[in-house]
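In what follows, every heavy atom counts, from backbone to side chain, and hydrogens, waters and symmetry copies are set aside. A note on names: the letters A, B, ... follow the listed sequences, proteins ahead of strands, and every chain is numbered from 1.
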2 protein chains.
Amino acid sequence: MALATVPTMASTPVEESPHYRPLYRQVYDSLVRQIAEGAWRPGEALPSEQALAARLGVSQGTVRKALDTLAVEKLIERRQGKGTYVAEHTAERSLFRFFKLTLPDGTRATPTTEEGETVRRRAARAPELKRLGLAPGASVVEINRVRSIDGSPAILERILLPVALFPDIDKRIPLPNALYALYQREYGQNIVAAEEELHADVARREDAKRLGVVVGTPLLHIERVGIGVDGTRVEWRTSRCDTRRLVYAVTLS
Amino acid sequence: MALATVPTMASTPVEESPHYRPLYRQVYDSLVRQIAEGAWRPGEALPSEQALAARLGVSQGTVRKALDTLAVEKLIERRQGKGTYVAEHTAERSLFRFFKLTLPDGTRATPTTEEGETVRRRAARAPELKRLGLAPGASVVEINRVRSIDGSPAILERILLPVALFPDIDKRIPLPNALYALYQREYGQNIVAAEEELHADVARREDAKRLGVVVGTPLLHIERVGIGVDGTRVEWRTSRCDTRRLVYAVTLS
DNA sequence: TGTATAGTATCTTATAGAAGAGTTGGCGGC
DNA sequence: GCCGCCAACTCTTCTATAAGATACTATACA
């Protein structure tokens, strides 16, 4: 049996299809696509399991299995007796999930942006096209800012965004503290995963000046690509961090 | 209804118990405990879902739900038509899971140990007791070794293990490449998670000599605590890595 | 030596009832 | 009439079970 909303599969018996996927997987794919398309806004409730089951022509338990998967992937949240909600990036949450820098004592750090933030639009260069998976000729927005902890500079950030996804973001300065919430709320770009690459480096003259440290201070250099629901590469962020002030802490499992 | 193998719960109706846990959760706990106790060796097959269900007096679906959870936590592996197996740390796997250093082009790095590895036993110091959650007076084994990529040194490693958990590990030199597989196979210590803290640092004289780099070279300093199935802190590992040769790459989700 | 076939394992789907959370309406007191 | 309390109802997700489908292995057989 195939989903009523997937007519291309409904026409042939699933057993004969080379792209066979279990029913609950089809439901999962369908829901992911709809969430990606913004059928429900973040924070909004999805139809109930029964309603979804009826609409898709499967049983409630099958819908439930798909929703379970979405829940562990943090795309949705469920509350017994209330409903199922599309996850939203609150300021708190997105920091907890993707911001791995903590204070040396292990407590959460909440950085703020210094004066002098710059936003400009320009053509993307070759490595940027590659990292963001863009077609040649695409434009990007480049944001540069200094992030502070307890009032003194600790991180240099450079953020690259495809203009195609964020058409007017250069008119939104000063940018809010929780960028991912902005991406989600204003541009429908929901970042669900991130690939990070870390190097050790030392502060050069320009770094030293902006961070208020001496040349040669060790810096943690972080390259991050933010991934959207459908695998789109949404953001490329480069951070250079003074790790005497902040520690990169991550739990592998 | 409570598990037949959990008599403390079976005596009172679950509804009245303040420690109420769903059946499938009780099954899960029971299985985790048994795996931790080594009821089945790593790589060995568990009884079938039906057999477990019969033994525990629940339905196959309930056992399955518990096994599903164990599977996402990577404590077990399942193969349709074959059976369910206790996960084992093969050399390949443990590297993929907890070794986040890759070559600059993104391919997997397989380090080897240089000559000159040292293993010694001594009393644990205060910070070590704290990190490993040991009682005062406990002893540790300290391992120091240089790890190489393509034949040239890239990582300095210092490993601390509680002697209580690894009684005779100092007699096993040279240690194998895949330490976590050794922990699991010979000492029943199955590492399922790890907490890592990363700093940027520069090479001091001793580092420079052992790694063959100049003093002042940026180094990535990694502190890792390995966590066992029941939350025990099994290993404290400190790595100092030349990130011109290796990159720390991690995917957050 | 290759091919059915039986048996046993996990995987998929469906259904029924329990438990949580809010809403509504009745009822008594003021 | 108006307010407050509480039980009943209805909606939700959660739990537990059962039955059939699918996958793999080994054995019997031509």
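For Arg172(B) and Glu186(B), the salt-bridge test passes: some basic side-chain N is under 4.0 Å from an acidic carboxylate O.
At a cut-off of 3.5 Å, with distance as the only test, a side-chain donor of Tyr187(B) or Asp168(B) sits close to an acceptor on the other residue.
Evaluation of the salt bridge (charged side-chain N to carboxylate O under 4.0 Å, His left out) rule for Glu77(B) yields Arg79(B), Arg93(B) as partners, not counting sequence neighbours. Applying the salt bridge (charged side-chain N to carboxylate O under 4.0 Å, His left out) test to Arg237(A) and every residue at least two apart in sequence or in another chain returns Glu157(A), Glu235(A). Remark: Arg25(A) pairs with Asp29(A) by the salt bridge (charged side-chain N to carboxylate O under 4.0 Å, His left out) rule, at least two apart or across chains. Listed by chain and residue number, nothing satisfies the side chain to side chain donor-acceptor pair (under 3.5 Å) test with Glu197(A) (two or more places apart in sequence, or in another chain).
For the pair Gln60(B) and Lys65(B), nearest-nucleotide mapping onto DNA chain D gives the more 5' position to Lys65(B).
As rounded to whole Å, 7 Å separates atom P of dC14(D) from atom CG of Asp68(A). Remark: C1' of dA16(D) and CZ of Arg25(B) are 16 Å apart, rounded to the nearest angstrom. Rounded to whole Å, the distance from CD on Gln26(B) to C1' on dA16(D) is 13 Å. Regarding Leu70(A), its CG atom lies at a distance of 13 Å from the P atom of dT13(D), rounded to whole Å. Taking atom CZ of Arg21(B) as the reference point, atom P of dA16(D) lies 12 Å away to the nearest angstrom. Here the P atom of nucleotide dT12(D) and the CG atom of Leu52(A) are 10 Å apart, to the nearest Å. Taking atom OH of residue Tyr24(B) and atom P of nucleotide dA18(C), one finds them 18 Å apart after rounding to whole Å. In this structure, Arg78(B) places its CZ atom 15 Å from C1' of dC24(D), rounding to the nearest Å.
Thr84(A) has its side chain out of reach of Trp40(A): every pair of non-hydrogen atoms, C-beta onward, lies at least 4.5 Å apart. Looking at Tyr183(B) and Leu161(B), their side chains come closer than 4.5 Å, going by heavy atoms from C-beta outward.
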Under 3.5 Å between N/O atoms: give me all the protein pairs with nucleotides 5-9 of chain C, atom names plus distance.
none

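Within the structure, every side-chain polar atom (N or O) of Arg64(B) is placed at least 4.0 Å from both OP1 and OP2 of dT10(C). Here Thr62(A) reaches the OP1 or OP2 of dA14(C): one of its side-chain N or O atoms lies under 4.0 Å away.
Relative to the axis of its first five pairs, the axis of the last five pairs of the helix from dT1(C)-dA30(D) to dC30(C)-dG1(D) sits at 10°, rounded to 10 degrees.
For Ser59(A), whose side chain is taken as the heavy atoms from C-beta onward, the closest listed nucleotide among dC11(C), dA16(D), dA14(C) is dA14(C).
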Side chain to side chain donor-acceptor pair (under 3.5 Å) for Thr113(A) and Arg147(A)? Distances and angles first, verdict last. CA-CA 5 Å; Thr113(A) 301; Arg147(A) 303 281 276 170; 2.7 Å; yes
